[in-house]
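Worksheet: one structure, shown below.
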Amino acid sequence: MNTSIHSQWSSKLAFIFAATGSAVGLGNIWKFPYMTGEYGGGAFVIVYLLCVALMGLPIMMAEVMLGKRGRNSPINSMKILAAEAKQSQWWQLLGWSGVVAGILILSFYSVVAGWALAYVPKLATGEFLIINSMPLAEVQTFIDATFNSLVANPYNLIIWHTIFMSLTMLIILGGVQGGLERALTFMMPALFVLLLILVAYAMTTSNFMDGVHFMFDINFNNLLYPNCTATSCELSGDGILAAMGQAFFSLSLGMGAIMVYGAYLPDKTSIAQTTAIVVIADTLVAILAGLIIFAIVFSNGLEPGAGVSLVFKTLPIAFGQMPFGSLFGTLFFILLALAAWSSAISLIEPAVAWLIETKRFKRLGATLFLGILTWLLGLLTVFSFNIWSEINPLFMFPNFADKTFFDLIDYLTSSIMLPLGGLFMAIFVAWLMKKQIIEAELNGSSKHFGYRIWYFLLRYITPLGVGLVFLNAIGIFS
Ligand code: PFF
């Protein structure tokens, strides 16, 4: 067994809360609905769900197991495990890519979480109640203006970004049990209850079923030809790549976040069972969020493809209209920020754990150093929505010509680094690790049916799937 200087979760339940806390976040409530909207609905959802089942679940089990076996930060775990499997030390790069991806994701994640925080006082003061007395057309102008004026002001965004990063650093300072565990145990259930209240509201809206059809009627044209104009339609693998990337992003896979949480897992815990719970909870929250948001979209004549602002332009309408809307609205945005908070922690923890293991840093120093670095990188996202909104760093490449810094960081991490990280984890576990070690860590036996399915998926289907989606995205099949 490999040794660790880190402490462990106090129970299996604590791990489930932590991993669900990492998985459930802005990815489910902010990103999944707006991407579904952008890529035209059902086909995106079905590809997403397939990726969750065929890649997400097997990779999550593999990633937790790598952490539990390595018992260290992703970088050092991979170093130890590569030595154990008599493989090249280059496998550490997998840990490195994760640490970098985590910081990059957190840089924009914190800014968007800041938007959620900024909406808390707006709802608490009843800013959206006025919607009740407005004609529909004015409602749209009003909610557009509210969002646009928030992101147009860089100082405002920086203040909220700073508050969110400080809150994240505060929890990280507390360490595994003191900080992470205590915060998580009450946040998750509260968020879930509020989502259920919103689903109940959504079912009373006039066009709830239109939302359901939008999400579940499968029309591949929308996914495969996302850039259609009146005169031309171009086949593109972007939608499928985006759906796969979203599966990895939403499940926190491929960058060591789940690995580092696995490293704090008590020895006897069942990995298969706990990961299944996390995957189901994460998927459920995304689907519920989609149902709520699209019911509001179609009942108020809004645009499903509104992009990153979608959740901020739809939910306030619901809260403006429903009984106790200000109360529920305030609670909702607080909980959204909390869900983002519990994910943010896991984005930075792999890097913090590594700095501590190098022994040159205490938790305080590591947290401050990485927090400030992430905060600075976050400014790229802040400015992408205002003073640099016209700056497209990769303007010379047609596929990226209109992307801002924020778009590029999001694309690089979600669509490339996470799936690639997951691919290499799958290859490492299913092709290079000793079977006895895997069986011991999973408390399983290779004769067990579920185990055999998992191994088969991880060995063949997952790598093939990720590979094909990548090839498709660079246009090999078109
Ligand atoms: N899974 C989180 C979400 O859906 O919001 C985001 C995330 C957290 C991605 C941790 C990656 C990660 F390692």
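Heavy-atom basis, side chains included; hydrogens, waters and symmetry copies ignored.
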Sub-4.5 Å side-chain heavy-atom contact between [X] and [Y]:
X: Val199; Y: Leu291; result: no
X: Thr36; Y: Phe32; result: yes
X: Leu224; Y: Ile240; result: yes
X: Ile287; Y: Phe216; result: yes
X: Met60; Y: Val278; result: yes
X: Met65; Y: Met433; result: yes
X: Val279; Y: Thr283; result: yes
X: Val260; Y: Pro74; result: yes

Measure from the ring center of [X] to the ring center of [Y] and say whether it is less than 6.0 Å.
X: Trp96; Y: Trp91; answer: no
X: Phe428; Y: Phe424; answer: no
X: Tyr225; Y: Phe220; answer: no
X: Tyr34; Y: Trp30; answer: yes
X: Phe312; Y: Tyr119; answer: yes
X: Tyr411; Y: Phe400; answer: yes

> Distance under 6.0 Å and angle within 45° of the ring axis: does Lys435 meet both against Tyr455?
Replying inline: yes
Spell out, as yes or no, whether a donor-acceptor pair under 3.5 Å connects the side chain of [X] to the backbone of [Y].
X: Thr275; Y: Ile271; result: yes
X: Gln246; Y: Met244; result: no
X: His161; Y: Trp375; result: yes
X: Ser250; Y: Gly27; result: no
X: Asn28; Y: Asp282; result: yes
X: Arg360; Y: Leu355; result: no
X: Glu357; Y: Ser73; result: yes
X: Lys12; Y: Thr274; result: no
X: Ser389; Y: Asn386; result: yes
X: Thr404; Y: Ile391; result: no

>> Looking only at the side chains, is there a donor atom on one of Glu63 and Tyr261 sitting less than 3.5 Å from an acceptor on the other?
In response: no
> When you check the side-chain N and O atoms of Gln436 and Glu439, is any donor under 3.5 Å from an acceptor?
Replying inline: no
Nearest heavy atoms of [X] and [Y], plus distance in Å:
X: Phe108; Y: Thr413; result: CE2-OG1, 4.0 Å
X: Leu442; Y: Trp454; result: CD1-CZ3, 3.5 Å
X: Thr20; Y: Ile16; result: OG1-O, 2.5 Å
X: Val466; Y: Pro419; result: CG1-O, 3.9 Å
X: Ser346; Y: Ala257; result: O-CB, 3.3 Å
X: Val47; Y: Ala243; result: CG1-CB, 3.7 Å

> What's the verdict on side-chain contact (heavy atoms from CB on, under 4.5 Å) for Leu347 and Thr374, showing C-alpha distance, side-chain angles and the deciding distance?
Replying inline: CA-CA 11 Å; Leu347 283 163; Thr374 313; over 6 Å; no
Just how far is it from atom [atom1] of [X] to atom [atom2] of [Y], taken to the nearest 0.5 Å?
X: Ser107; Y: Leu380; atom1: OG; atom2: CG; answer: 7.0 Å
X: Thr462; Y: Met425; atom1: OG1; atom2: CE; answer: 12.5 Å
X: Leu253; Y: Leu57; atom1: CG; atom2: CG; answer: 9.5 Å
X: Asn72; Y: Ile80; atom1: CG; atom2: CD1; answer: 4.0 Å
X: Asp402; Y: Leu394; atom1: CG; atom2: CG; answer: 11.0 Å
X: Leu336; Y: Leu191; atom1: CG; atom2: CG; answer: 7.5 Å

> Taking the inter-plane angle between the rings of Phe249 and Tyr109 on a 0 to 90° scale, is it parallel (under 30°), tilted (30 to 60°) or perpendicular (over 60°)?
Replying inline: tilted
> Parallel, tilted or perpendicular: which describes the rings of Phe44 and Tyr48, with under 30° parallel and over 60° perpendicular?
Replying inline: parallel
> Per the ring pair (Phe, Tyr, Trp, His ring centres under 6.0 Å) rule, which among Phe406, Phe147, Phe405 passes with Phe385?
Replying inline: Phe406
>> Run the side-chain contact (heavy atoms from CB on, under 4.5 Å) test on Leu315 and Ile292 for me, step by step, so that the C-alpha distance in whole Å, both residues' side-chain angles and the decisive distance to 0.1 Å come before the verdict.
In response: CA-CA 8 Å; Leu315 291 183; Ile292 297 165; 3.8 Å; yes
> Are there more than 12 heavy atoms of other residues, nucleotides or ligands under 6.0 Å from atom NZ of Lys403?
Replying inline: yes
> Has Glu390 got more than 12 heavy atoms of other residues, nucleotides or ligands less than 6.0 Å from its CD?
Replying inline: no
> Passes side chain to side chain donor-acceptor pair (under 3.5 Å), Ser22 versus Ser252? Steps please.
Replying inline: CA-CA 7 Å; Ser22 166; Ser252 304; 2.8 Å; yes
> Should Met417 and Val100 be marked as a side-chain contact (heavy atoms from CB on, under 4.5 Å) after you check the CA-CA gap, both sets of side-chain angles, and the distance that decides it?
Replying inline: CA-CA 9 Å; Met417 293 178 88; Val100 173; 4.1 Å; yes
>> Working note: Lys31 + Ser414, criterion side chain to side chain donor-acceptor pair (under 3.5 Å); need CA distance, chi angles, decisive distance, verdict.
In response: CA-CA 11 Å; Lys31 208 168 179 204; Ser414 311; 2.9 Å; yes
> Yes or no on side-chain contact (heavy atoms from CB on, under 4.5 Å) for Val297 and Leu310, after CA distance, side-chain angles and deciding distance?
Replying inline: CA-CA 9 Å; Val297 165; Leu310 188 66; 4.0 Å; yes
> Quick one: which of Ile438, Val64, Leu81 gives a side chain to side chain contact (heavy atoms under 4.5 Å, CB included) with Arg69?
Replying inline: Leu81
